[in-house]
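In what follows, chains are A, B, ... by sequence order, proteins preceding strands, each numbered from 1.
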2 protein chains.
Amino acid sequence: MIFSSKAEYGVRLMVELGRQSPEQPTSLKAIADAEGLPLAYLEQVVARLRKAGLVMSARGAHGGYWLARPAEEIAMVDVVQALEGAIAPMECFVHDHTERVLCSHEADAGRCATKLLWMRVQGGIIRSLQTTTLAELVEFSRRTELAQTA
Amino acid sequence: MIFSSKAEYGVRLMVELGRQSPEQPTSLKAIADAEGLPLAYLEQVVARLRKAGLVMSARGAHGGYWLARPAEEIAMVDVVQALEGAIAPMECFVHDHTERVLCSHEADAGRCATKLLWMRVQGGIIRSLQTTTLAELVEFSRRTELAQTA
DNA sequence: GGCAATCCGACCATCCTGGTAGGATATGAG
DNA sequence: CTCATATCCTACCAGGATGGTCGGATTGCC
């Protein structure tokens with residue numbers, strides 16, 4: 001399993017928000033019920049999305065969440081990154097700029113042949129996430145829903 | 001971190017084997033020393049590669065491991081798959097054919113919009129792993145080694 | 001005021017990961 | 001034959017991440 005359930009839940013949540021009109025906020029409870037997810041856990045998930053500026057919120061009665069931008073302008077790479085942190089196939093990719101942990105073979109720096117491989121994998125992942133917008137997923141969700149009703 | 005250290009160690013091991021002439025086997029100890037990895041743990045890693053038919057082994061004194069095929073004919077997707085198991089971005093992708101666990105929303109089967117996303121991600125990963133051969137990594141390793149010596 | 005909601009931090013059980021330990025087995029060298 | 005070297009196999013274990021719960025503080029509509 002490459003991505004944690006935070007990503008799964010978070011993406012579901014975003015799709016659900018994308019299906020709602022942005023006029024009035026949607027409560028987490030409604031989403032938790034619709035998707036069958038634990039409310040308390042969803043709170044933690046949506047907090048990440050909010051801090052990343054992807055959703056906005058209103059407190060109090062009749063409060064809730066809505067997309068900060070139209071779904072067309074939200075690339076899934078931003079969503080997943082907000083939920084999972086940096087998208088790195090390997091440990092040494094994470095701290096590249098921050099600490100000096102890197103891989104066990106930092107001494108060999110340039111000689112690290114595996115880095116070439118992980119770079120390509122990372123590229124493949126990011127590219128696929130960048131070329132997918134939330135709007136596509138919402139659209140897909142709507143279509144398959146119709147197909148089921150019919 | 002998307003891939004575990006098994007993948008990291010296993011890939012290093014394969015590169016190391018690729019650098020050796022396949023005439024005579026290379027002992028794990030030599031690789032462990034060269035790469036600074038724990039021998040006992042490498043044993044578990046190499047066992048997976050052997051069971052996947054990627055390396056062969058000889059027991060006893062002067063025994064060791066060597067590539068089962070030329071490095072040019074080894075796609076990294078096979079290596080990573082042997083080390084990590086199925087390459088699945090999400091839980092529900094793993095048991096697709098075996099058990100009936102799938103995602104928490106199996107009831108919605110077709111309606112699962114996130115599946116579209118994970119499919120694309122999975123595609124991106126597999127494509128990048130399929131188009132990279134062990135020979136490339138070995139070549140890269142040799143080049144950067146030269147660059148360092150010079 | 002009361003209810004519905006977001007917010008926040010602490011807590012917790014369980015699983016996975018990375019690694020160790022110990023031994024059984026095979027085999028070439030002397 | 002024996003010894004050193006090596007693969008092979010299984011069990012075990014500590015620590016951290018994961019997925020989730022709980023309790024409460026705060027906010028704001030009715």
Peer 1: For A/T26 and A/E16: C-alpha separation, side-chain torsions, deciding distance, then whether side-chain hydrogen bond (donor to acceptor under 3.5 Å, both in side chains) applies.
Peer 2: CA-CA 9 Å; A/T26 308; A/E16 206 69 28; over 6 Å; no

Peer 1: More than 12 heavy atoms of other residues, nucleotides or ligands under 6.0 Å from CD of A/E73: yes or no?
Peer 2: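 Yes - once you tally the heavy atoms of other residues, nucleotides and ligands closer than 6.0 Å, there are more than 12.
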
Peer 1: Determine, for A/R48 against A/E84, whether the closest basic-nitrogen to carboxylate-oxygen distance falls under 4.0 angstrom.
Peer 2: no

Peer 1: To check you understand the geometry: which heavy-atom pair defines the closest contact between B/S128 and A/R120, and what is its length?
Peer 2: CB-O, 3.6 Å

Peer 1: Separation of B/L49 atom CG from D/dC8 atom C1', in whole Å?
Peer 2: 15 Å

Peer 1: Regarding B/E43 and B/K29, does a basic nitrogen lie under 4.0 Å from an acidic carboxylate oxygen?
Peer 2: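 No, no charged N to carboxylate O under 4.0 Å.
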
Peer 1: Which is true for B/A58 with a 4.0 Å heavy-atom rule: it touches a base, it touches only sugar-phosphate, or it touches nothing?
Peer 2: sugar-phosphate

Peer 1: Are B/E35 and B/Y9 packed together at the side-chain level, in the sense that at least one heavy-atom pair is separated by less than 4.5 angstrom?
Peer 2: no

Peer 1: Quick one: do A/V121 and B/V80 satisfy side chain to side chain contact (heavy atoms under 4.5 Å, CB included)? Show the steps, please.
Peer 2: CA-CA 11 Å; A/V121 172; B/V80 173; over 6 Å; no

Peer 1: Whole angstrom is fine here: how far is it from CD1 in B/I31 over to P in D/dA6?
Peer 2: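 Interatomic distance, CD1 of B/I31 to P of D/dA6: 12 Å.
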
Peer 1: Checking A/W118 against B/E8: is there a side-chain donor and acceptor pair closer than 3.5 Å?
Peer 2: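 On atom types as modelled, these side chains qualify, holding a pair under 3.5 Å.
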
Peer 1: Distance under 4.0 Å to a non-hydrogen atom of chain B counts as contact; along DNA chain C, which nucleotides mark the start and end?
Peer 2: C/dG18 to C/dA29

Peer 1: Which nucleotides of nucleotides 15-30 of chain D have their base under 4.0 Å from a protein heavy atom (B), which only their sugar-phosphate (S), and which neither (-), written as one string 5' to 3'?
Peer 2: ----BBB----BBBS-

